[in-house]
K.L.:
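This is the structure, below, for whatever I ask next.
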Protein chains: 2
Amino acid sequence: MVSTPGAEPRRITINDVARSAGVSRQTVSRALNDKGEIDGDTKQRVLDAARALGYRPSRFARGLVRQDTMTIGLVIPDLLNPFFTEVAAGALEAARSRGWHVVVYATADRADEERDTLQVITSQVDAVIGYFSCSESELESYTRGMPVVLIGREGRSTRFSSIRIDGEQGVRAAVAHLVAEGHNRIGMLDHRTRAEPSIRHDWFTAAAREHGIDAGLVVDADQTADGGGTALRTLLAARPEVTAVFTFNDIIAVGALREARRLGRSVPRDLAVIGFDGLQLGALVEPPLSSVALDTRKLGALAIEQLARLLSGLGTSEADDLIVHAELHLSGSA
Amino acid sequence: MVSTPGAEPRRITINDVARSAGVSRQTVSRALNDKGEIDGDTKQRVLDAARALGYRPSRFARGLVRQDTMTIGLVIPDLLNPFFTEVAAGALEAARSRGWHVVVYATADRADEERDTLQVITSQVDAVIGYFSCSESELESYTRGMPVVLIGREGRSTRFSSIRIDGEQGVRAAVAHLVAEGHNRIGMLDHRTRAEPSIRHDWFTAAAREHGIDAGLVVDADQTADGGGTALRTLLAARPEVTAVFTFNDIIAVGALREARRLGRSVPRDLAVIGFDGLQLGALVEPPLSSVALDTRKLGALAIEQLARLLSGLGTSEADDLIVHAELHLSGSA
DNA sequence: AGCGCTCCCGTGAACGTTCACGGGAGCGCT
DNA sequence: AGCGCTCCCGTGAACGTTCACGGGAGCGCT
């Protein structure tokens with residue numbers, strides 16, 4: 001047998017093992033899957049042959065015939081942002097308890113990567129959980145009827161199920177706390193998704209107006225610690241009278257904390273800071289971060305649960321939307 | 001047509017769509033995969049039928065016939081530990097650029113979960129990258145000839161390829177720096193893997209002996225911030241004369257930093273701290289963490305590269321072992 | 001009219017595995 | 001001897017898709 005140069009090697013199949021061991025493919029299958037109805041010596045001979053040939057079963061052929069494996073795609077912008085990894089941890093745990101597999105895709109928070117991911121994901125998984133920035137119609141055109149659960153975003157059509165984060169009361173409590181502490185110049189470091197202010201910004205505005213204070217002290221920030229620092233500097237340069245900030249999330253808040261220190265502002269004495277998310281990270285910085293906190297692990301787990309509901313054919317309705325509540329947790333920074 | 005109660009619904013296949021649209025399965029395939037050789041009206045009719053029936057192609061059947069998708073399993077102990085997510089981020093990025101898919105498994109640092117994962121992973125992926133704590137023989141019995149790349153661990157047999165972290169020089173530099181700063185009671189907060197002291201501990205011991213200082217001031221710590229805090233308290237309670245600590249990793253160091261503050265010890269004045277890993281997290285705490293730093297993203301990317309080499313049939317040898325060097329990066333904490 | 005070409009569409013085969021079923025060999029019991 | 005049972009093992013079919021190939025219809029040109 002001469003190997004043709006450049007020809008890719010043919011895959012070793014169960015039939016090759018069967019031939020090598022002098023048995024049928026069914027006997028090979030029995031040996032490899034620890035089924036009964038096989039002689040001990042035969043089994044060993046088959047196993048040896050399989051090892052010698054470097055045989056590895058095709059998961060596609062196996063999956064085709066026994067339709068029991070469930071694989072879901074988890075799409076998140078960034079693995080370096082603890083919020084998403086905490087959510088992912090919750091989702092992975094919930095998936096594991098169901099025996100589901102999770103393929104993780106990181107989109108680097110870029111629209112083109114998100115599209116690439118959506119393009120490819122549909123042929124790789126049975127359902128999708130994700131944090132998407134593209135429009136619902138675009139999402140629909142890629143997922144084409146595949147079950148999808150959106151995280152932290154309102155599903156406007158009934159096409160998608162979603163897990164919503166309700167922080168309205170929490171943000172109101174945060175602003176009320178700051179006002180009670182004597183602050184009346186409260187800024188916000190927002191994060192714009194899809195070129196529009198966030199819902200968290202809406203909550204902040206409403207709460208500020210309730211207390212009759214200026215709701216316009218808002219600066220947009222990148223979703224990183226550096227972004228938070230830069231945004232705080234910008235805000236304080238323009239409006240030095242600000243004595244407290246509420247931030248879109250904890251990452252931004254931590255960056256603001258660091259920047260305040262660099263600017264010589266003591267937290268919370270000279271500047272109070274309240275974040276959003278309640279990440280574990282907040283307990284590691286100095287002072288510990290006050291935050292409108294939610295259960296990130298539960299968020300991920302709920303998404304998996306909702307997916308299970310969808311897959312069992314219950315469909316989705318407005319009432320199906322699940323909610324995670326975020327509440328004010330006070331620590332050292334405010 | 002009466003649906004039998006309890007009978008699971010038969011999967012909708014390409015043939016159902018073909019029948020519904022009044023065409024052959026090949027025409028359906030053409031419509032769905034945007035191939036040519038199909039009339040515009042026909043294509044639309046097929047697409048409508050597919051949508052109406054809720055048809056979704058079987059990835060197994062598709063994968064079986066066109067053998068082009070590559071899926072690798074990434075096994076890490078914990079998604080909540082930034083070290084692993086940074087490595088995972090590097091691996092995901094490298095995999096994406098090759099068009100590979102990555103299934104992530106978190107083992108919660110428990111031996112039984114790790115075994116479960118290994119059990120299940122072999123039928124789900126084409127190759128494995130991971131941070132394992134079980135023995136190589138055990139690993140071999142599960143992976144059975146599948147390509148495996150170990151991260152941050154010496155492969156003792158030639159069966160596995162590995163990406164090693166070389167921090168010997170970095171740790172020596174760290175100890176030298178501390179000694180130069182006048183410290184001669186330097187402790188270590190170690191993390192025991194598989195019930196034996198770590199290699200990092202060996203490096204520390206060697207470096208301490210070079211300077212003729214006590215290398216026995218070692219306490220074992222859990223791989224968490226809380227674990228680091230507890231370990232520091234234990235160490236200082238027993239040996240209050242300690243003025244500097246080197247830690248197994250940055251997470252432990254960050255916990256130690258926080259605990260030092262609680263104990264009223266100013267860092268670095270009363271206690272110098274040097275971690276290991278060089279995580280982004282280190283730049284967020286106060287004071288910023290000095291660390292024997294390595295390129296975690298590169299670590300993940302190298303693992304994927306090594307896997308590519310294995311899969312192209314080059315096999316593995318001792319010389320194939322890839323190395324990431326860790327070097328001392330000084331910041332505020334030492 | 002005949003030829004070639006383009007545009008569509010369909011049929012058999014193949015991918016690699018497990019399932020369902022059949023059946024032979026050997027043994028013990030009546 | 002005949003029967004039933006257990007222990008093994010093998011063959012056809014099926015899973016659901018894409019590939020390779022064949023071929024009809026229609027049109028333009030000579």
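Convention: sequence-line order gives letters A, B, ...; per-chain numbering from 1.
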K.L.:
Using whole Å, report how far CZ of A/R25 lies from C1' of C/dC15.
P.N.:
13 Å
K.L.:
Hey, is A/R297 close enough to A/E86 for a salt bridge, meaning N to O under 4.0 Å?
P.N.:
no
K.L.:
OP1 or OP2 of C/dC19 sitting under 4.0 Å from any side-chain N/O of A/K35?
P.N.:
yes
K.L.:
How close or far is atom C1' of C/dT17 from atom CD1 of A/I12, stated in whole angstroms?
P.N.:
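Atom-to-atom, A/I12 to C/dT17, this comes out as 16 Å.
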K.L.:
In whole angstrom, what separates A/R66's CZ from D/dG16's P?
P.N.:
16 Å
K.L.:
Using the rule given for salt bridge (Lys or Arg N to Asp or Glu O under 4.0 Å), can you reason through A/E140 versus B/R51, listing the C-alpha separation, both sets of side-chain angles and the distance that settles it, and then say yes or no?
P.N.:
CA-CA 11 Å; A/E140 167 58 17; B/R51 177 181 300 248; 3.4 Å; yes
K.L.:
Rounded to whole Å, how long is the line connecting atom CD of A/Q26 with atom C1' of C/dG23?
P.N.:
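Distance check: A/Q26 CD to C/dG23 C1' gives 14 Å.
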K.L.:
Is A/S58 near enough to C/dG16 that one of its side-chain N or O atoms lies under 4.0 angstrom from OP1 or OP2?
P.N.:
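No, no such contact exists.
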K.L.:
Calculate the interatomic distance between A/D126 atom CG and D/dG16 atom P; express it in whole Å.
P.N.:
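Going from A/D126 (CG) to D/dG16 (P), I get 13 Å.
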K.L.:
Side chain of A/S24: nearest nucleotide among D/dT18, D/dG10, C/dG10?
P.N.:
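So the side chain of A/S24 is nearest to D/dG10.
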K.L.:
Is the phosphate of D/dC9, meaning OP1 or OP2, less than 4.0 Å from a side-chain N or O of A/T42?
P.N.:
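Yes.
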K.L.:
Side chain of B/I14 only, please: which of D/dT18, C/dT18, C/dC9 is the nearest?
P.N.:
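Closest nucleotide among those given: D/dT18.
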K.L.:
Dump the intermediate steps for side-chain contact (heavy atoms from CB on, under 4.5 Å) on A/D126 and A/I72, then the final yes or no.
P.N.:
CA-CA 6 Å; A/D126 301 304; A/I72 72 154; 5.6 Å; no
K.L.:
Can you say whether a donor on the side chain of B/R30 sits under 3.5 Å from an acceptor on the base of C/dG10, or the other way round?
P.N.:
yes
K.L.:
Would B/K43 and B/D34 satisfy salt bridge (Lys or Arg N to Asp or Glu O under 4.0 Å), going step by step from the backbone distance to the final call?
P.N.:
CA-CA 9 Å; B/K43 181 171 179 175; B/D34 262 326; 2.6 Å; yes
K.L.:
What is the distance, to the nearest angstrom, from the CG atom on B/D39 to the P atom on D/dG26?
P.N.:
13 Å
K.L.:
Where the side chain of B/L64 is defined as all heavy atoms beyond and including C-beta, which of D/dG12, D/dT17, D/dG16 is the nearest nucleotide?
P.N.:
D/dG16
K.L.:
How does DNA chain D look in dot-bracket form if you count Watson-Crick and G-U pairs under 3.5 Å, write [ ] for pairs that cross, and put | where a base pairs with another strand?
P.N.:
||||||||||||||||||||||||||||||
K.L.:
Grab the CZ-P distance between B/R19 and C/dG10 for me, whole Å please.
P.N.:
14 Å
K.L.:
Inspect the contact between B/D112 and B/R110 and indicate whether a charged nitrogen and a carboxylate oxygen are less than 4.0 angstrom apart.
P.N.:
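Yes, B/R110 and B/D112 are salt-bridged.
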K.L.:
Rounded at 0.5 Å granularity, tell me how far OG1 in A/T296 sits from CG in B/L80.
P.N.:
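If we round to the nearest 0.5 Å, A/T296:OG1 and B/L80:CG are 7.5 Å apart.
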K.L.:
Report the C-alpha separation of A/R11 and A/D16 in whole Å, then their side-chain angles, then the decisive distance to 0.1 Å, and conclude whether the salt bridge (Lys or Arg N to Asp or Glu O under 4.0 Å) test is met.
P.N.:
CA-CA 9 Å; A/R11 184 190 180 95; A/D16 298 320; over 6 Å; no
K.L.:
Expressed as a whole number of angstroms, how long is the span from B/N33:CG to C/dC9:P?
P.N.:
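It works out to 16 Å between those atoms.
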K.L.:
Quick check for you: among C/dT17, C/dC8, D/dC8, whose closest atom lies nearest to any side-chain atom of A/N15?
P.N.:
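Closest of the options to the side chain of A/N15: C/dT17.
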K.L.:
Measure from the side chain of A/E37, starting at C-beta and using heavy atoms only, and say which of D/dT17, D/dC9, C/dG16 lies closest.
P.N.:
D/dC9
K.L.:
Would you say the side chains of B/T69 and B/R59 form a donor-acceptor pair under 3.5 Å?
P.N.:
no
K.L.:
Quick check on C/dG16: is either OP1 or OP2 less than 4.0 Å from any side-chain nitrogen or oxygen of A/T13?
P.N.:
no
K.L.:
Closest approach to the side chain of A/T27, judged atom by atom: which nucleotide of C/dT11, D/dG10, C/dT18 is it?
P.N.:
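Nearest nucleotide to the side chain: D/dG10.
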K.L.:
May I ask you to evaluate whether B/S29 reaches the phosphate of D/dT18, defined as a side-chain N or O under 4.0 Å from OP1 or OP2?
P.N.:
yes
